[in-house]
Amino acid sequence: MSEKPRKGLDRRDLLVASIATFGAAAALAANGGAANAQNTAAPTTDAASGAPSGTVYTGDVIQGKKVVSALDVNDLEPGKKHLLYFQGVRMPTGQHWYVSVAVARGAKPGKRGVLTSGVHGDEMSSIHTVQTVMNQLDPAEMSGTVMAVTDVSRPALESMQRRWPNSGRGADLIDMNREWPGNENGFTAASRHAGLVFNRLLRPNADFAIDFHTGTTGFEVTAFNIAEMDVPEIKAMAELYPVGQIFDNPTYPNVLHNAFNAAGIPSFCPEIGAARHLDLEMIGLFVEGTMNVLKHHGIVAGPMGRTGKDVTVFVGNSSFPILATEGGIVEHLVKLNDKVEAGQKVAIQRNSFGEVVAEYTSSVAGEMTGKRSDAMSEPGNPLAFILFHKTATEGAETYPE
Ligand SMILES: [Zn+2]
């Protein structure tokens with residue numbers, strides 16, 4: 001390769017320039033992964049993350065909504081609802097992904113709750129639950145603030161799919177709920193977006209947080225909460241939902257509700273049925289439970305609705321996966337929420353001739369909490385999850401998806 005200088009930067013200058021750039025990025029990463037070239041307008045910074053504290057308006061207005069690159073809900077006028085866009089990660093075109101932020105700022109001071117949905121792009125009932133709660137709030141009557149972000153993973157939502165389509169190193173699909181708390185200087189757009197959203201929007205405005213989900217495309221779940229029941233503040237909130245199951249398990253460290261917990265903000269994760277459509281009946285249960293949580297924290301006044309005490313709640317700390325061993329059409333023999341005994345046959349699978357090629361039994365006694373809703377399956381796909389109580393847990397468990 002020629003070492004002769006060409007027009008502009010020669011190869012050596014380019015190398016030096018890129019080393020300097022890399023060094024700067026490494027220094028920033030070592031410094032807590034915060035400030036970067038994306039936002040230089042911050043007047044003050046938060047000691048913990050280096051992210052700006054206080055609200056930063058970019059000066060942009062999109063579809064009539066002001067754009068912020070950092071938000072402190074205490075800067076917003078009390079007694080009103082505010083609709084804003086938060087400026088998320090930059091795309092290959094140089095444009096940004098924006099997320100929709102609704103804030104109900106109470107007339108009187110009080111606790112600040114954060115409601116999130118759309119971390120996965122195919123989970124419509126989670127979005128509708130958050131929107132319904134926000135529509136029931138009257139800031140003039142509230143003591144405290146509720147902030148909602150309904151479309152955290154915008155590019156995934158645009159195609160109503162679970163994962164974020166990343167294009168930095170060729171086409172890639174990234175599960176946004178394995179990225180938290182993110183890194184503003186991370187290697188993927190999903191990681192950088194998570195860092196910006198968490199440091200500058202979610203964490204600074206949360207005394208408690210609820211991250212709403214559903215099953216995923218092709219696999220539906222019951223109404224349940226994922227909640228660490230040995231944490232009193234979390235248990236108190238999870239028990240306020242009139243839903244039949246609680247999954248008392250820490251799940252993965254990099255899911256959003258665990259990033260909140262790691263930051264000292266009590267959080268849990270409701271799961272609301274199937275992906276892709278609205279389950280209005282199930283949504284109603286989670287709206288009622290969430291309004292109970294807001295009453296529990298004194299943000300909203302009024303009598304409690306139905307809670308876990310009004311239904312039979314099955315609490316399990318583990319989930320037994322049944323995986324397909326063959327290809328073919330799956331026939332479930334039990335329904336969601338059904339009790340299952342150890343050794344009970346729960347599904348069969350037939351090949352194209354109609355012959356039964358596999359029979360699936362549960363190894364545990366528990367309740368059906370999830371089942372494959374796509375009838376075809378290849379080997380390795382989860383066909384069912386059975387919520388059960390495990391007497392001794394051996395640390396973190398991973399679940400096939
Ligand atoms: Zn999800």
Side-chain angles (χ1 to χ4, degrees), residues 88 97 99-100 114-133 148-166 173-182 188 190-191 193-194 197-198 202 209-228 238 241 243 245-261 267-279 282-283 285-287 289-290 319 321 336 369-374 381-382 384-385 387 397-401:
W97 284 115
V99 296
S100 312
V114 166
L115 313 177
T116 52
S117 64
V119 169
H120 290 135
D122 56 350
E123 304 184 355
M124 301 301 117
S125 287
S126 64
I127 296 172
H128 196 270
T129 301
V130 173
Q131 290 173 341
T132 308
V133 169
V149 183
T150 53
D151 48 9
V152 173
S153 189
R154 272 286 308 284
L157 270 156
E158 297 294 355
S159 48
M160 208 162 81
Q161 68 180 5
R162 178 178 176 86
R163 295 178 176 87
W164 176 297
N166 197 58
L173 290 169
I174 296 175
D175 188 333
M176 190 75 184
N177 216 21
R178 303 291 181 272
E179 293 290 335
W180 304 95
T188 67
S191 171
H193 187 70
V197 169
F198 195 73
L202 302 181
I210 311 173
D211 183 35
F212 295 84
H213 285 256
T214 75
T216 193
T217 296
F219 194 91
E220 65 177 306
V221 300
T222 62
F224 70 101
N225 282 315
I226 303 172
E228 285 193 74
Y241 286 76
V243 300
Q245 293 179 349
I246 291 177
F247 184 29
D248 174 15
N249 186 288
T251 66
Y252 310 100
N254 292 105
V255 302
L256 177 53
H257 78 271
N258 280 336
F260 279 117
N261 284 322
S267 183
F268 61 100
C269 172
E271 294 277 356
I272 314 169
R276 300 190 81 82
H277 76 275
L278 297 183
D279 186 330
M282 217 183 260
I283 287 167
L285 303 177
F286 284 95
V287 169
T290 305
S319 187
L336 289 176
T369 194
K371 72 178 174 69
R372 186 173 173 85
S373 48
D374 280 359
N381 289 145
F385 277 106
L387 184 64
E397 296 173 334
T398 56
Y399 295 98
E401 290 168 83

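On a predicted model such as this, the values are computed, not experimentally measured, just so you know. Start at 1 and go down the list; that is how both ligands and their atoms are numbered.
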Report yes or no: does Asp211 contribute a side-chain atom to a donor-acceptor pair with the main-chain N or O of Leu256 at less than 3.5 Å?
no
Residue from Phe268, Phe198, Trp180 passing ring pair (Phe, Tyr, Trp, His ring centres under 6.0 Å) with Phe260
Phe198
Would you say Ser267's side chain and Ala209's backbone share a donor-acceptor pair under 3.5 angstrom?
yes
In this structure, which one of Thr290, Leu285, Ile283 forms a side-chain contact (heavy atoms from CB on, under 4.5 Å) with Val287?
Ile283
Protein-derived N, O or S atoms sitting under 2.8 Å away from the Zn ion (ligand 1) total 4
With distance as the sole criterion, is a donor-acceptor pair present between the side chains of Asp151 and Ser100 under 3.5 Å?
yes
Would you say the side chains of Thr188 and Asn166 form a donor-acceptor pair under 3.5 Å?
no
